[in-house]
Trainee: 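Here's a structure for you.
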Amino acid sequence: MSEKNIVENLQSYGLKKVLAYLDADPDNNIPKILDWVEKFDRDGVVAKQMNTVKKVLTDKDSNWYKLVKSLYTDIDDNVRKKLFENFLINATIIGGKRQMKAREENNCNIPWAILMDPTSACNLHCTGCWAADYGKKMNMDFDTLDSIISQGKKLGTFMYIYSGGEPLVRKDDIIKLCEKHDDCAFLAFTNATLIDEEFADEMLRVGNFVPAISVEGFEEETDFRRGEGTYKAVIKAMKILKARKLPFGISCCYTRKNTDVIGSEAYIDDMIAKGAKFAWFFTYMPVGNDAVPELLVTAEQRKYMYKQIREFRKTKPIFTMDFWNDGEYVKGCIAGGRNYLHINANGDIEPCAFIHYSDTNIHENTLLQAYKNPLFMQYKQNQPFNNNHLRPCPLLDNPGRLTKMVENSGAKSTDMQNPEDVHELSAKCYDASVNWAPVADELWEKSHGNSDSDSSCSAK
């Protein structure tokens with residue numbers, strides 16, 4: 001065993017002891033644990049996050065404290081311990097140090113998380129879904145998925161997220177991967193219609209798998225995009241998970257049709273009552289042959305979500321994240337391996353789940369080679385794409401930035417059925433970008449003073 005592994009094992013052992021100490025009396029021990037983590041983090045991997053966490057968890061009446069406490073009352077003890085260990089210790093602290101070292105040694109982006117599609121197959125056909133354009137016959141076999149995870153861990157990536165298609169079409173392999181890589185945290189974006197009691201029992205057994213259930217609002221909004229009866233199937237799945245004290249969250253795509261519901265207090269309260277511990281928000285992207293550009297939100301709707309989610313963070317016991325409007329907190333776009341990347345069911349390594357262009361395939365190259373290849377290096381050299389981090393995306397918010405990177409890298413469309421020209425894709429987002437720019441600049445200036453943002457829109 002190498003000296004590095006010995007040190008990491010000792011650190012992991014110490015952290016496990018700390019988590020056991022926390023379990024004994026969370027009310028009194030949470031402040032002590034935070035002090036300990038701060039002292040342990042000599043390299044400053046989580047220093048900024050810890051300052052924020054300490055502020056919100058010192059007030060026992062705060063919504064954040066209530067959320068943390070609910071992880072002890074609502075979640076199975078063994079599942080909580082496993083996820084805390086894999087997420088906090090492996091993915092964040094130990095993994096964070098490996099990532100920093102790998103970035104320095106290789107001069108490229110190394111992601112915190114890898115999003116990958118076990119299959120392109122799905123049991124639903126949602127309106128405007130880009131995944132449908134991949135076709136339904138593509139799959140990455142178990143050995144390929146296993147290899148991705150093994151390669152990723154060596155570079156410090158211990159967080160793996162499944163999408164698709166519907167990833168739970170591959171239930172058996174997902175559970176086997178949870179067993180084999182029991183030091184990793186796994187999450188899946190799922191329509192939840194395939195979650196039954198048998199699968200929930202398997203989740204309880206392995207302890208390191210969490211579903212993020214796709215839901216578009218209440219019954220009317222969800223069934224509008226996902227088909228009649230989907231909402232009832234989702235609620236049934238939530239009841240199964242809650243009864244077994246299994247953690248889950250929701251994944252919400254806000255469109256021009258459902259933003260007023262998705263962003264409402266009534267909706268978020270209902271999801272909390274049903275047991276959701278986190279909510280990930282995405283704005284609709286008109287990607288692929290079946291895209292419906294009319295579903296793109298207006299600038300005012302996006303501003304509404306910006307304000308609502310920030311308000312929820314002050315008042316609601318649920319962790320919320322908006323992958324566009326929260327660019328403010330992560331210095332812009334996190335794709336291209338900066339924090340995450342996407343591997344589709346054909347093995348194409350893409351910079352983002354919404355950017356279907358690639359110059360590398362996992363069946364032909366390693367992860368590290370992909371990170372060093374032209375497309376990902378284009379991302380590294382160009383991030384952030386705007387000094388106003390409320391305009392983070394090279395496609396939706398900064399027309400022309402994605403087209404240049406694709407052209408400079410020689411990347412090709414990964415859509416197997418209907419390859420999409422990057423100029424045509426960018427054109428679908430142009431009006432939304434132009435309309436959002438002055439709104440985003442106004443919000444940014446209020447929060448940060450003179451924005452110095454790049455308000456120009458390049459040629460499509």
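Worth saying up front: this structure is predicted, and the values here are computed from it rather than measured. Because only heavy atoms are used, hydrogens play no part in the values below, and waters and symmetry mates are left out as well, while side chains stay in.
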Trainee: Does E202 come within less than 4.0 Å of R205, counting only side-chain N to carboxylate O?
Mentor: yes
Trainee: Would you say the side-chain atoms of T193 and N191 include a donor-acceptor pair closer than 3.5 Å?
Mentor: yes
Trainee: About how many Å separate OG of S426 and CD of E420, when rounded to the nearest 0.5 Å?
Mentor: 10.5 Å
Trainee: Distance check, rounded to the nearest 0.5 Å: I148 atom CD1 versus I343 atom CD1?
Mentor: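 The CD1 atom of I148 sits 4.0 Å away from the CD1 atom of I343.
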Trainee: Is the backbone N or O of R391 less than 3.5 Å from a side-chain atom of N398, with the two atoms forming a donor-acceptor pair by type?
Mentor: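 Flag set: sc N398 to bb R391 pair under 3.5 Å.
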Trainee: Using the rule given for side-chain contact (heavy atoms from CB on, under 4.5 Å), can you reason through Y357 versus V422, listing the C-alpha separation, both sets of side-chain angles and the distance that settles it, and then say yes or no?
Mentor: CA-CA 9 Å; Y357 300 91; V422 67; 3.7 Å; yes
Trainee: Between P392 and R302, what is the shortest heavy-atom contact and its length?
Mentor: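 Distance-wise, the nearest heavy atoms are CD-NH2, 4.1 Å.
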Trainee: Would you check, one step at a time, whether the test salt bridge (Lys or Arg N to Asp or Glu O under 4.0 Å) holds for K153 with D183?
Mentor: CA-CA 9 Å; K153 287 196 295 184; D183 53 351; 3.1 Å; yes
Trainee: What is the minimum heavy-atom distance between C253 and T283, and which atoms define it?
Mentor: SG-C, 4.3 Å
Trainee: Using 0.5 Å steps for rounding, measure from the CD atom of E198 to the CD1 atom of I240.
Mentor: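 So the gap between those two atoms works out to 11.5 Å.
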Trainee: May I have all residue pairs that pass salt bridge (Lys or Arg N to Asp or Glu O under 4.0 Å) and include part of residues 184-196, sequence neighbours excluded?
Mentor: K171-D196
Trainee: Taking atom CG of N382 and atom CG of N408, what is their separation to the nearest 0.5 Å?
Mentor: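 Separation between the atoms: 8.0 Å.
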Trainee: Do K245 and D74 sit within salt-bridge range, that is, some charged N less than 4.0 Å from a carboxylate O?
Mentor: no
Trainee: Regarding R313 and D326, does a basic nitrogen lie under 4.0 Å from an acidic carboxylate oxygen?
Mentor: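 Salt bridge flag = yes for D326 with R313.
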Trainee: Centroid-to-centroid, Y160 to F209, below 6.0 Å?
Mentor: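 Distance test on ring centres: not under 6.0 Å, no.
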Trainee: Using modelled atom types only, decide if a donor and an acceptor are shared between the side chain of Y340 and the backbone of P351 within a distance under 3.5 Å.
Mentor: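 Side chain of Y340 to backbone of P351, a donor-acceptor pair under 3.5 Å: no, none is there.
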Trainee: Spell out, as yes or no, whether a donor-acceptor pair under 3.5 Å connects the side chain of N386 to the backbone of N388.
Mentor: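 The answer is yes, because a donor-acceptor pair under 3.5 Å joins these two groups.
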Trainee: Donor-acceptor pair, distance only, cut-off 3.5 Å: does the side chain of N339 make one with the backbone of W112?
Mentor: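 No; zero donor-acceptor contacts below 3.5 Å.
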Trainee: Of the non-hydrogen atoms in K428 and G288, which two are nearest, and what is the gap between them?
Mentor: NZ-O, 3.6 Å
Trainee: Would you confirm whether R401, through its side chain, and L395, through its main-chain N or O, come within 3.5 Å as a donor-acceptor pair?
Mentor: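 Checked: no pair found.
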Trainee: Within the 3.5 Å criterion, strictly below it, is a donor on K277 or S70 matched to an acceptor on the partner's side chain?
Mentor: yes
Trainee: Do any pairs count as a salt bridge (Lys or Arg N to Asp or Glu O under 4.0 Å) and have a residue in residues 103-116, sequence neighbours left out, and if so which ones?
Mentor: K101-E105
Trainee: Please list, chain by chain and in numerical order, all residues satisfying side-chain hydrogen bond (donor to acceptor under 3.5 Å, both in side chains) with K242, sequence neighbours excluded.
Mentor: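 Testing K242 for side-chain hydrogen bond (donor to acceptor under 3.5 Å, both in side chains), a comparison that skips the adjacent residues, returns none.
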Trainee: Any side-chain heavy-atom pair from W64 and F319 closer than 4.5 angstrom?
Mentor: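 Of all side-chain heavy-atom pairs linking F319 with W64, at least one is under 4.5 Å.
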Trainee: For E197, is there an ion pair with K239 - N to carboxylate O distance below 4.0 angstrom?
Mentor: no
Trainee: Using 0.5 Å steps for rounding, measure from the CG atom of L296 to the SG atom of C429.
Mentor: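 Those atoms lie 6.0 Å apart.
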Trainee: With the threshold set at 4.0 Å, does a side-chain nitrogen-carboxylate oxygen contact exist between R310 and E328?
Mentor: yes
Trainee: Identify whether the distance between the nearest side-chain nitrogen and carboxylate oxygen of D146 and K180 falls below 4.0 Å.
Mentor: yes
Trainee: Would you please test M203 and N208 for side-chain contact (heavy atoms from CB on, under 4.5 Å) and show each step?
Mentor: CA-CA 7 Å; M203 287 174 56; N208 58 342; over 6 Å; no
Trainee: Flag the pair K176 and D172 as a salt bridge only when some basic side-chain nitrogen lies within less than 4.0 angstrom of an acidic carboxylate oxygen.
Mentor: no
Trainee: Before you tell me yes or no, could you show the steps for D117 and S163 under side chain to side chain donor-acceptor pair (under 3.5 Å), namely the whole-Å CA-CA distance, both residues' side-chain angles and the distance that decides it to 0.1 Å?
Mentor: CA-CA 5 Å; D117 302 347; S163 58; 2.4 Å; yes
Trainee: Are any side-chain N or O atoms of Y284 and backbone N or O atoms of V292, one a donor and one an acceptor, separated by less than 3.5 Å?
Mentor: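 Yes.
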Trainee: Evaluate T414 against E350 for side chain to side chain donor-acceptor pair (under 3.5 Å), listing each step before the verdict.
Mentor: CA-CA 8 Å; T414 57; E350 303 169 337; 2.4 Å; yes
Trainee: Dump the intermediate steps for side-chain contact (heavy atoms from CB on, under 4.5 Å) on N109 and Q383, then the final yes or no.
Mentor: CA-CA 11 Å; N109 284 334; Q383 289 166 323; 3.5 Å; yes
Trainee: Start with the C-alpha gap between K82 and D76, add the side-chain angles, then the distance that decides, and say whether salt bridge (Lys or Arg N to Asp or Glu O under 4.0 Å) holds.
Mentor: CA-CA 10 Å; K82 171 67 76 173; D76 175 83; over 6 Å; no
Trainee: Please check this pair: side chain of S358 against backbone of I349, looking for a donor-acceptor N/O pair closer than 3.5 Å.
Mentor: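 Such a contact is found between S358 side chain and I349 backbone.
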Trainee: Would you check, one step at a time, whether the test side-chain contact (heavy atoms from CB on, under 4.5 Å) holds for V210 with F186?
Mentor: CA-CA 6 Å; V210 179; F186 294 93; over 6 Å; no
Trainee: Parallel, tilted or perpendicular for Y72 and F84, by the 30°/60° rule?
Mentor: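 Geometry flag for F84 against Y72: perpendicular rings.
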Trainee: Answer yes if the side chains of T157 and Q99 hold a donor-acceptor pair under 3.5 Å, and no otherwise.
Mentor: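 The answer is no; no qualifying pair exists.
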Trainee: As an exercise, state the distance from CD1 of I195 to CD1 of I213, rounded to the nearest 0.5 Å.
Mentor: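 Answer rounded to 0.5 Å: 4.5 Å.
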Trainee: So, T119 versus N139: side-chain donor-acceptor pair below 3.5 Å or not?
Mentor: yes
Trainee: Applying the side-chain hydrogen bond (donor to acceptor under 3.5 Å, both in side chains) criterion to D322, which one of Y306, W280, Y254 satisfies it?
Mentor: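 Exactly one option meets the side-chain hydrogen bond (donor to acceptor under 3.5 Å, both in side chains) with D322, and it is Y254.
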Trainee: Which heavy-atom pair separates L396 from A432 by the least distance, and what is that distance?
Mentor: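 Taking L396 first and A432 second, the nearest heavy atoms are CD1-CB, 4.3 Å.
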Trainee: Checking the side chain of S251 only, and the main-chain atoms of S214 only, is there a donor and an acceptor separated by less than 3.5 Å?
Mentor: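 No, S251 side chain to S214 backbone: no donor-acceptor pair under 3.5 Å.
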Trainee: Does CD in Q381 sit with more than 12 non-hydrogen atoms of other residues, nucleotides or ligands closer than 6.0 Å?
Mentor: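 It does: Q381 CD has more than 12 such atoms within range.
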Trainee: Quick one about D359 and N373 (side-chain donor to acceptor, distance below 3.5 Å, no hydrogens or angles considered), yes or no?
Mentor: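 No, no side-chain donor-acceptor contact under 3.5 Å.
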Trainee: Could you check if a side-chain atom of L402 sits within less than 4.5 angstrom of a side-chain atom of V406, using non-hydrogen atoms only?
Mentor: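 The answer is yes; the side chains approach within 4.5 Å.
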Trainee: Verify whether one side chain among E407 and T403 offers a donor that lies under 3.5 Å from an acceptor in the other.
Mentor: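 The criterion, which ignores hydrogens and geometry beyond distance, is not satisfied for T403 and E407.
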Trainee: Whether the side chain of N258 engages the backbone of T255 through a donor-acceptor N/O pair (distance < 3.5 Å, no angle test) should be reported.
Mentor: yes
Trainee: So which atom in Y371 and which in F376 form the shortest heavy-atom distance, rounded to 0.1 Å?
Mentor: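 Closest pair (atom of Y371, atom of F376, distance): O-CB, 3.6 Å.
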Trainee: Quick one: does any side-chain atom of S147 pair with a main-chain N or O of D143 as donor and acceptor, under 3.5 Å?
Mentor: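 Checked: no pair found.
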Trainee: Given the side-chain rings of F385 and Y379, with only the six-membered ring counted for Trp, is the space between their centroids under 6.0 Å?
Mentor: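 Under 6.0 Å, so yes.
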Trainee: Does the side chain to side chain donor-acceptor pair (under 3.5 Å) test come out yes or no for D348 and N346, once each step is laid out?
Mentor: CA-CA 6 Å; D348 300 309; N346 191 50; 3.2 Å; yes
Trainee: Could you tell me which non-hydrogen atom of C252 sits nearest to which non-hydrogen atom of Y267, and how far apart they are?
Mentor: SG-OH, 3.4 Å
Trainee: I'd like to know if the side chain of T360 pairs up with that of Q369 as donor and acceptor (distance under 3.5 Å, no hydrogens or angles considered).
Mentor: no
